[in-house]
Amino acid sequence: MTDDIARSRPLTRRSFIASAVAAAIAAGCSSDDDPSSGAPTPTTVAPTPAPEPTPASVPAVDLPGDPFTLGVASGDPTESSVILWTRLAPDPLSGGGMPGDDIEVMWEVATDDAFTDVVRRGSAVAMAELAHSVHVDADGLEPDSSYHYRFTIDDFTSPLGRTRTFPAADTSPPNLRFGFSSCQNWEQGFYAAHRHAAAEDLAFFVWLGDYIYESGAGDGVRTHNGPEIMTLDDYRNRYALYKTDLDLQAHHAARPWLTTWDDHEVENNYAGDNSENADPIDVFRDRRAGAYLAWYEHMPVRLDPPDGPDYEIHRDLVWGDLARFFVMDGRQYRADQPRDGESRPLPGFGDSASLGVFTLADDAADPANTFLGAEQQRWLIDGMAASTQTWNFMAQQVLMQGLNILGTDPPLTVTDLWDGYAGSRREVLEQLAANGPDNIVVLTGDFHSAAAGDVRTDPFDLDTPVVASEFMATSISSAFFDGAEALAALVLATNPQLKFFDARKGYTVCEMTPDALVAEYRAIADPADPDSPIETIATFDVAAGTPGVTLRP
Ligand code: FE
Ligand code: CA
């Protein structure tokens, strides 16, 4: 696939956000200006020096009800700033319920939850054409510091959020602890895993995709709103449904997130411009444009909004000299999935056809069948080669280490995984082996099951070198098929690179020092139980300088 956005890009893109009318000011407020004494009005934030003028095009608007039904979120921190998010939606499941006007929102960042020590405040415009979403770049913050934040309009105050900046790039933090997961199908489970994750001590959370699912209302512990989503309005209402969940809101409010997408933010198993259902390309690209815009509107990302079906979201973030995160897009630039025919159920594994199991077609071995697209692949390899951080994470979507389900040649596998792009994978990994840093860790979601293992340049040739360690988080709530335990026993026996496979629901916690990394897998007992307890089901070690994972006995 040709790459039409090959261009150099800055590490951060803040043009839209920084210019967003917001007059962020160093508060320096005196005690008689105490914002905790009542909801601030625009006059109480009249700063010294004077703010940029509020546009005359933003009149006062009467709200029909509390606009903060979807909570707050923060994301993509730097050493001095963080993106603060909310969306005004008094009637969240029916288009938001806002008037058709843009509306001004006030925001504050404080060192305490009573907001007696406000360090930054300002106003931003919630634009009607962006579903009254707000992305504030709250800058001028101290590195490696925790903050509280909130939004206000008239007498309405949002839920409070907590966030945290990254350490300065030129510092040497002694450790880092973060969490990651993916896949929160609304119908297939409650979000007890989010509630437990929110209570953990984590600097941030990495979301690896399938934030929503596009399918129509079906059976489950709760039901999707309406049929399969196709239009911008449909996607907005689906994001709103998911974001009404209070455990999810609490987890966003607890810490910043680094967020990428997978397939279900648009359509199951799509690849580039290719719809699963072979829709005409222009029809599918129109659908994708709406889906991508709705994703932007609901995620706390340091990005400009898209203006069509092409949207560059890959970006990297630096945590002192300890860690670098390459947040990747494994969907938009893919060639179509090479396969040899219809998906086949595995003999004796019930409804396993839903996995999408194929014998690989010959063209899977051709690196021209790209997984990342030329520009993103160059960005990843060049960024890895230039990294001065100890640990280098690929925050991406699908299993990279290979899955030869029956141990056959050619493999019977899932072509939606990197296996479907075996030649492209080999090209990427050989370049990372030649020029990349020592400690590459692949963070993976998508498969509704947890796994851990070693990533070789050729996963099915044990004579090729281990280039990276891979941790695949399970899903928050999305279901695996019924034969999980039997399949786990099978694939662990047929895949020596694979050290662990478990389909319980939950998330993974990753903690590291300059010398070692530990990954702990947490699982809830039952996704159908909103009060489900959680336990640690496996712990892995990686030693700096030696790629590959070791399961603790
Ligand atoms: Fe999923
Ligand atoms: Ca997926």
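Remember, it's 1-based here, ligands and their atoms both numbered in the order they're listed. Positions are given from 1, in the same order as the sequence printed here. Computed from a prediction, not measured in an experiment: that's the story for all the values here.
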Contact check: Y213 to the Fe ion (ligand 1), N/O/S below 2.8 Å:
yes

Taking backbone and side chain together, does H448 place any N/O/S atom at a distance below 2.8 Å from the Fe ion (ligand 1)?
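Checking H448: at least one N, O or S atom is under 2.8 Å.
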
The Ca ion (ligand 2) to nearest N/O/S of D416 below 3.0 Å:
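No, D416 does not qualify, because none of its backbone or side-chain N, O or S atoms lies under 3.0 Å.
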
What is the name of the N/O/S atom of D210 that is nearest to the Fe ion (ligand 1)?
OD2

Atom of D210 closest to the Ca ion (ligand 2), considering N, O or S atoms:
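The atom in question is OD2.
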
Looking only at N, O or S atoms, find the one in D263 nearest to the Ca ion (ligand 2) and name it.
OD1

Under the 6.0 Å and 45° cation-pi test, does R552 pair with F500?
no

Validate the cation-pi geometry between R222 and W186: distance from NZ or CZ to the six-membered ring centre under 6.0 Å, angle to the ring axis within 45°.
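R222 over W186 ring: yes.
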
Residues R324, D316: salt bridge by 4.0 Å N-O rule
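Salt bridge present between R324 and D316.
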
Salt-bridge contact D458-R425 (side-chain N to carboxylate O under 4.0 Å)
no

How wide is the angle at the Ca ion (ligand 2) spanned by D262 OD2 and D446 OD1, rounded to 10 degrees?
90°

When you compare the side chains of H448 and Q188, does any donor N or O come within less than 3.5 Å of an acceptor on the partner?
no

Tell me which one of R255, E200, H252 satisfies side-chain contact (heavy atoms from CB on, under 4.5 Å) with F205.
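Exactly one option meets the side-chain contact (heavy atoms from CB on, under 4.5 Å) with F205, and it is R255.
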
